[in-house]
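Quick note: residue numbers are just sequence positions, from 1.
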Amino acid sequence: MKKKFDLNPIIKTLQKVLPQAQKSIALHEPQFDGKEWAYVKKCLDSGWVSSVGKYVSLFEKQLAEYTGIKHVIAVVNGTAALHICLQLAGVRAGDEVLMPTLTFVATANAVSYCGAVPHFADSDEKTLGLDPLKLGDYLKDITELRTEGCFNKKSGRRIKAVVPMHTFGHPVDMEPLLDVCQKFGLVLIEDAAESMGSLYKGYHTGSWGRLSVLSFNGNKIITTGGGGAILTNDTSLPALAKHLTTQAKLPHPWAFNHDLVGYNYRMPNINAALGCAQLEKLPEYIRQKRALALRYQEAFTGIEGVKIFKEADFARSNYWLNVLLLDKEYSCERNKLLELTNNQGIMTRPSWTLMHKLIMYEDCPRMSLACAEDLERRLINIPSSAVLTDLNIVNSTFTEERQG
Ligand SMILES: *Cc1c(COP(=O)(O)O)cnc(C)c1O
């Protein structure tokens with residue numbers, strides 16, 4: 001089975017696409033080339049740096065306009081946003097919540113914060129996200145519908161919700177997943193932490209779930225330093241979301257009264273100021289990142305043993321992180337390729353360790369996870385910063401001039 005395989009053409013192709021840099025090329029770097037300094041200065045000058053101030057509501061309004069989702073609540077990070085969404089969805093201690101095993105640990109941790117149990121589902125090769133058809137078949141086998149909801153016949157626990165995640169920016173196939181949710185009475189919460197700016201059938205990711213989540217961590221397509229948002233079209237939810245994220249304090253000019261166990265999860269004004277500036281640049285970043293993805297796809301055409309992952313027909317991806325997939329028979333070369341590229345100053349990394357392999361989640365319920373396990377063996381993320389496109393345009397004209 002194991003063929004002799006030359007990794008050099010892969011390295012050469014990466015070097016051809018990427019600018020010749022003095023230092024190593026990061027996987028994903030933030031860019032602050034807009035009005036960041038101006039807005040942050042205004043924020044400091046105003047004295048309102050914390051959870052009250054005009055940038056928080058401005059950022060929320062602009063996010064709602066950009067995504068087309070009615071209500072936005074800005075919070076301290078994406079993980080906190082997930083925690084609140086699960087609570088608002090009615091997830092309680094002892095429930096199970098479905099999610100892909102191929103995700104970042106935050107998706108599973110947020111479920112644990114609720115005292116609930118992650119239940120791991122397989123991935124779809126076409127999207128790298130949750131496979132809705134496989135999930136539907138599996139639930140048919142293992143669940144029982146009662147008046148109180150959908151129950152796992154094996155564990156006896158209620159399955160309350162499903163959290164698909166748009167992996168590396170690529171939208172999950174949402175329509176069949178909506179059917180599954182309807183059939184089994186599951187609340188849909190989208191983890192869109194990586195897919196700001198990605199569309200499914202023309203609508204922003206996050207538009208399909210009852211609730212959804214964005215992240216503005218330093219490594220995401222736009223950043224507020226740390227930050228996240230809860231999004232929903234359901235008018236009954238935003239007031240409670242805001243209340244829960246601000247210590248459940250009852251409004252009063254001086255008295256401190258609280259009617260729930262709340263959280264200090266509100267996004268500070270200074271982070272929101274950064275966010276407003278970043279959001280202005282987002283369309284340009286998406287254009288640059290899609291151009292970089294196309295360049296990778298073209299450069300790797302005809303290179304043996306690998307493919308660059310491409311968005312599905314129904315998707316317009318932000319290409320947050322580009323994915324290089326080794327052919328199945330060459331998966332044994334993954335670690336070697338990781339080592340060679342990192343040694344050459346091209347930062348690459350494997351997928352996250354699958355959730356069901358982490359020590360705290362190894363006993364959680366799961367279906368057969370064959371596709372996710374196969375993807376984990378073959379998947380490598382390659383440098384994807386928006387800025388890499390334009391540097392390279394400068395670079396290639398420069399080379400042409402020198403050659404011509
Ligand atoms: C980044 C990320 C989160 C959480 O975001 P933070 O803002 O870092 O808390 C959640 N889920 C996924 C899939 C992510 O990539």
Side-chain angles (χ1 to χ4, degrees), residues 26-31 63 66-67 69 75 77-82 85 99-110 121 123-124 126-130 162-174 177 188-200 203-209 211-231 275 278-279 282 285-286 288-290 292-293 308-312 315-325 347-355 372 375-376 379-386:
L27 202 64
H28 198 281
E29 255 175 336
Q31 232 173 299
L63 284 170
Y66 184 88
T67 58
I69 302 171
V75 296
N77 58 56
T79 314
L82 278 168
C85 284
M99 70 181 65
T101 188
L102 179 63
T103 186
F104 177 58
V105 72
T107 324
N109 284 348
S123 308
D124 180 346
K126 286 196 304 294
T127 65
L128 307 177
L130 200 70
V162 54
V163 187
M165 193 277 282
H166 305 292
T167 318
F168 309 128
H170 295 292
V172 168
D173 195 359
M174 294 307 290
L177 184 60
L188 179 62
I189 301 167
E190 292 180 65
D191 183 344
E194 303 179 356
S195 64
M196 177 79 207
S198 299
L199 309 180
Y200 172 76
Y203 291 90
H204 201 283
T205 47
S207 305
W208 308 80
L211 291 142
S212 65
V213 164
L214 293 172
S215 166
F216 311 110
N217 191 32
N219 64 342
K220 299 301 201 288
I221 188 164
I222 59 168
T223 183
T224 59
I230 299 163
L231 300 94
Q278 287 269 289
L279 198 52
L282 180 61
Y285 294 163
I286 292 176
Q288 290 171 318
K289 287 165 78 69
R290 289 182 60 82
L292 178 64
I308 297 290
F309 183 82
K310 245 167 113 169
E311 65 193 359
R316 180 184 171 277
S317 176
N318 68 4
Y319 281 95
W320 172 54
L321 288 186
N322 279 286
V323 168
L324 186 129
L325 278 176
M347 193 181 161
T348 60
R349 64 157 208 216
S351 90
W352 309 279
T353 299
L354 300 176
M355 291 304 105
L375 287 171
E376 184 199 30
L379 188 155
I380 289 176
N381 287 122
I382 54 180
S384 300
S385 305

[atom1]-[atom2] distance between [X] and [Y], expressed to the nearest 0.5 angstrom:
X: Thr79; Y: Asp191; atom1: OG1; atom2: CG; value: 8.5 Å
X: Ser195; Y: Arg316; atom1: OG; atom2: CZ; value: 12.0 Å
X: Leu231; Y: Ser212; atom1: CG; atom2: OG; value: 4.5 Å
X: Glu29; Y: Thr223; atom1: CD; atom2: OG1; value: 12.5 Å
X: Phe168; Y: Ser384; atom1: CZ; atom2: OG; value: 9.5 Å
X: Ile189; Y: Met99; atom1: CD1; atom2: CE; value: 9.5 Å

From the list Ile221, Val75, Asn77, Ile222, side chain to side chain contact (heavy atoms under 4.5 Å, CB included) partner of Phe216 resolves to Ile222
Does the pair Arg290/Glu311 count as a salt bridge with the N-to-O cut at 4.0 Å? yes
Working for side chain to side chain contact (heavy atoms under 4.5 Å, CB included), residues His166 and Trp320: CA-CA 10 Å; His166 305 292; Trp320 172 54; over 6 Å; no
Which residues pass the ring pair (Phe, Tyr, Trp, His ring centres under 6.0 Å) test with Tyr200, not counting sequence neighbours? Trp208, Phe314
I'd like to check the ring pair (Phe, Tyr, Trp, His ring centres under 6.0 Å) partners of His170; sequence neighbours left out, ordered by chain and number. Phe309, Tyr319
Report yes if some heavy atom in the side chain of [X] is under 4.5 Å from a heavy atom in the side chain of [Y]; otherwise report no.
X: Leu282; Y: Met196; answer: yes
X: Arg349; Y: Leu27; answer: yes
X: Val323; Y: Leu128; answer: yes
X: Met174; Y: Pro164; answer: yes
X: Val105; Y: Trp352; answer: no
X: Gln278; Y: Lys220; answer: no
X: Leu102; Y: Leu375; answer: yes
X: Ile230; Y: Leu211; answer: yes

Residue pair [X] / [Y]: nearest heavy atoms and the distance that separates them:
X: Cys85; Y: Val213; answer: SG-CG2, 3.6 Å
X: Ser198; Y: Gly169; answer: OG-O, 2.7 Å
X: Thr348; Y: Pro383; answer: CG2-CD, 4.5 Å
X: Ser207; Y: Glu190; answer: N-OE2, 3.5 Å
X: Ala106; Y: Leu82; answer: O-CD1, 4.0 Å
X: Leu292; Y: Ser385; answer: CD2-O, 3.8 Å

Does the [X] side chain pair with the main chain of [Y], one donor and one acceptor, at a distance under 3.5 Å?
X: Ser215; Y: Gly228; answer: no
X: Tyr203; Y: Thr67; answer: no
X: Thr103; Y: Pro100; answer: no

Are Thr127 and Asp173 linked by a side-chain donor-acceptor pair shorter than 3.5 Å? no
Side chain to side chain contact (heavy atoms under 4.5 Å, CB included) between Lys289 and Asn318: does it pass, once the steps are laid out? CA-CA 7 Å; Lys289 287 165 78 69; Asn318 68 4; 5.5 Å; no
Which of parallel (below 30°), tilted (30 to 60°) and perpendicular (above 60°) describes His204 and Tyr66? perpendicular
Could you walk me through whether Asn322 and Asn381 pass side chain to side chain contact (heavy atoms under 4.5 Å, CB included), step by step? CA-CA 6 Å; Asn322 279 286; Asn381 287 122; over 6 Å; no
Stepwise side chain to side chain contact (heavy atoms under 4.5 Å, CB included) test for Leu177 and Leu130: CA-CA 9 Å; Leu177 184 60; Leu130 200 70; 3.9 Å; yes
